[in-house]
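These notes concern the structure reproduced below.
Lettering of chains follows the sequences in order, A, B, ..., and the numbering in each one begins at 1.
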Amino acid sequence: VANSVLFPCTYAFSGCHITLPYNEKVDHEKVCKFRPYPCPCPGTLCKWLGSLEAVVRHLTNEHDHVITLKGEYIIFLATNINLIGGFDWVMMQFCYGFHFMLVLQKQENRNGDQQFFAIVQLIGTRQEAEGFVYRLELRRHRRRLTWEATPLSIHENIATAIKNRDCLNFDTGTVQLFEENGDLSIIVSINMC
Amino acid sequence: RTYRVPKEVRVEPQKFAEELIHRL
């Protein structure tokens with residue numbers, strides 16, 4: 001009986017007008033663009049939830065360390081890369097009418113081993129993210145390390161992608177090859193595909 | 001050939017939340 005009745009999306013209150021059978025409702029709600037989004041800023045334990053349109057405004061107003069740079073081809077210069085402990089370097093890149101969050105995360109385990117993870121997340125839906133490809137590149141002294149992938153969407157979790165190593169992943173030895181005076185340059189390019 | 005010179009931004013490190021540090 002439930003499958004013969006159309007149910008409104010749970011996020012109708014924030015503007016979704018879709019009605020669908022019960023067995024399709026859960027899948028739709030996972031990707032519904034009217035779903036409230038958590039703050040994507042890593043490492044801050046921010047509890048904010050809001051609409052997709054409000055995410056960038058929230059990041060700009062409440063996380064003022066997050067700088068935005070315009071352009072599809074930029075250099076993300078992570079400073080003090082050799083600090084001991086866990087750190088995040090976070091910024092936003094604005095191009096093609098979209099904001100992309102760029103994250104470099106350094107994790108340190110109990111043995112003092114350090115791992116670095118760099119990833120790009122679109123402040124947009126999965127469907128919008130699939131229209132882009134990002135490239136992260138380390139370059140120095142004729143060495144080059146490149147990662148290319150589809151950006152995560154706001155529906156996807158950076159922590160999960162890092163856990164799965166679905167990002168640019170390198171260790172301290174690699175940092176020593178590419179850093180300059182304690183700063184690491186990551187060349188970021190975003191293209192439409 | 002024209003080479004594009006990308007803009008560069010210095011990004012300062014933010015301390016990771018303590019409870020997340022040892023999740024490797």
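Both the backbone and the side chain of Lys70(A) come within contact range of chain B, with heavy atoms under 4.5 Å apart. Using a 4.5 Å cut-off between heavy atoms, Ile74(A) touches chain B through backbone and side chain atoms alike. Neither the backbone nor the side chain of Val66(A) comes within less than 4.5 Å of any heavy atom in chain B.
Residues Ile18(A) and Leu6(A) do not share a hydrophobic cluster, defined by chaining ILVMFWY side chains whose heavy atoms lie under 4.5 Å apart. Follow the hydrophobic side-chain contacts under 4.5 Å out from Ile119(A) and you reach Trp147(A) in the same cluster. By the criterion of side-chain heavy atoms lying less than 4.5 angstrom apart, applied directly or through intervening Ile, Leu, Val, Met, Phe, Trp or Tyr residues, Leu184(A) is not grouped with Leu77(A); the two fall into different hydrophobic clusters. The cluster map of Ile, Leu, Val, Met, Phe, Trp and Tyr, joined by side-chain heavy atoms under 4.5 Å apart, puts Tyr37(A) and Val56(A) in the same cluster. There is a path of hydrophobic side-chain contacts, each under 4.5 Å, that joins Val175(A) to Val90(A).
Of all heavy-atom pairs spanning Glu8(B) and Leu69(A), the tightest one is C-CD2, 4.2 Å. Arg10(B) and Asp183(A) get closest at one heavy-atom pair: NH1-OD2, 3.4 Å.
For Lys25(A), the NZ atom is densely surrounded, since the number of other residues' heavy atoms within 6.0 Å is greater than 12.
Not a single donor-acceptor pair under 3.5 Å links the side chain of Lys7(B) to the backbone N or O of Ile75(A).
Separating the CD atom in Gln14(B) from the CH2 atom in Trp89(A) is a distance of 10.0 Å, to the nearest 0.5 Å.
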